[in-house]
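Every number for a ligand or one of its atoms is a count from 1 in the order of the listing.
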Amino acid sequence: MARRKKIYEGKAKILYEGPEPGTIVQYFKDDATAFNAEKRDVIEGKGVLNNRLSEFFMNGLNAVGVPTHFIRRLNMREQLVRSCEIIPLEVIVRNYAAGSLSKRLGLEEGTQLPRPIVEYCFKDDALGDPLVTEEHIAAFGWASQQDMDDILSLALRVNDFLSGVMLAVGIRLVDFKIEIGRVYEGDFQRLVVADEISPDSCRLWDIETGQKLDKDVFRRDLGNLTDAYSEVARRLGVLPKNASPMSKPTLIN
Ligand code: UDP
């Protein structure tokens, strides 16, 4: 059998050519990186958990009418997605102050924001993904005004959906990052939520205890990352309730 073609290898995922035109296979690695890849480690089981959690969120979004690139999960580490042209922006939505916003504006982490705040960063590792405004986006042609209206609406719908899903299992959605892709249908283009949605790209705090259940556990050396992600998966029903945090993830199909 011919070896499948690798299209791209990123920090946490590998993209392969899919079985049909217009499809891509996303392979979730166990690699964890932070601070623009200055800190790195291999965390056994992380890729398996993120594959399954991203499937859960993307399926939920599709079910409530928010378009995503997700087609179906193929196996423990891979999912089939629609190929799309990624807009070179990280779209960040914040409900509570944390991370770079807290630093930039001197806000205590956990301060509730008056309303969700949407920010854009230019996707460029060499530059450290700098914050940009809609002025930059328009001037450099990264997205049109119509795209920006659609991106804002998608980002807020994802925020409402994810906040609700998390609240139902006692988790506060502090902030998250999504990426947006263009898919072409004949002469038309449509924007869809792409890449992944997982604890790698969200800040998730236990509502009662404030315990961090996201990648900050790795960034700030707060404990075992797989345990934190397993806890999120268990609460959402993606992992069996009685799965031991120390055992390897067992998936419910
Ligand atoms: N984020 C991400 N990838 C990035 C930058 C940020 O997934 O390259 C997520 C991050 O996990 C958090 C949110 O976006 O949920 C806001 O991150 P922030 O700007 O506070 O940056 P950080 O403090 O993580 O550097």
Show me which atoms of ligand 1 lie under 4.0 Å from any heavy atom of [X].
X	result
Cys202	15 (O)
Gly99	20 (O), 23 (O)
Asp129	8 (O)
Arg203	12 (C), 15 (O), 16 (C), 17 (O), 18 (P), 20 (O), 22 (P), 23 (O), 24 (O)

Arg157 with Asp160: basic N within carboxylate O range, under 4.0 Å: no
Ionic contact status for Asp125 with Lys11, cut-off 4.0 Å: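 So Lys11 pairs with Asp125 through a salt bridge.
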Spacing of CG belonging to Leu49 relative to CG belonging to Asp200, to within rounding of 0.5 Å: 10.0 Å
Any side-chain heavy-atom pair of Val158 and Val193 under 4.5 Å: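 Contact flag for Val158/Val193 side chains = yes.
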Side-chain heavy atoms of Arg52 within contact of Arg73, under 4.5 Å: yes
Should one rank [options] by closest heavy-atom distance to [atom], which comes out on top?
atom	options	answer
atom 11 (O) of ligand 1	Arg104, Glu119, Arg219, Glu109	Arg219
atom 13 (C) of ligand 1	Thr33, Asp200, Val93, Asp175	Asp175
atom 4 (C) of ligand 1	Arg220, Glu90, Lys103, Glu196	Glu90

Residue, atom name and distance, where the atom is the protein heavy atom closest to atom 25 (O) of ligand 1: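 That would be Ser100 CB, 4.7 Å.
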Heavy-atom nearest neighbour in the protein, as seen from atom 1 (N) of ligand 1, with distance rounded to 0.1 Å: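 Residue, atom and distance for the closest contact: Lys177 CB, 3.8 Å.
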Identified side-chain hydrogen bond (donor to acceptor under 3.5 Å, both in side chains) counterpart of Lys13 within the set Asp31, Asn51, Asp195, Asn50: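 Testing each of Asp31, Asn51, Asp195, Asn50 against Lys13, the sole residue satisfying side-chain hydrogen bond (donor to acceptor under 3.5 Å, both in side chains) is Asp195.
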Whether Tyr27 and Tyr16 hold their rings parallel, tilted or perpendicular, with breakpoints at 30° and 60°: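 Ring orientation of Tyr27 relative to Tyr16: perpendicular.
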Ring-face cation of Arg172 near Tyr96 (centre distance under 6.0 Å, axis angle within 45°): yes
Contact with ligand 1 for Arg94, non-hydrogen, under 4.0 angstrom: yes
Closer than 4.0 Å: a protein non-hydrogen atom to atom 20 (O) of ligand 1: yes
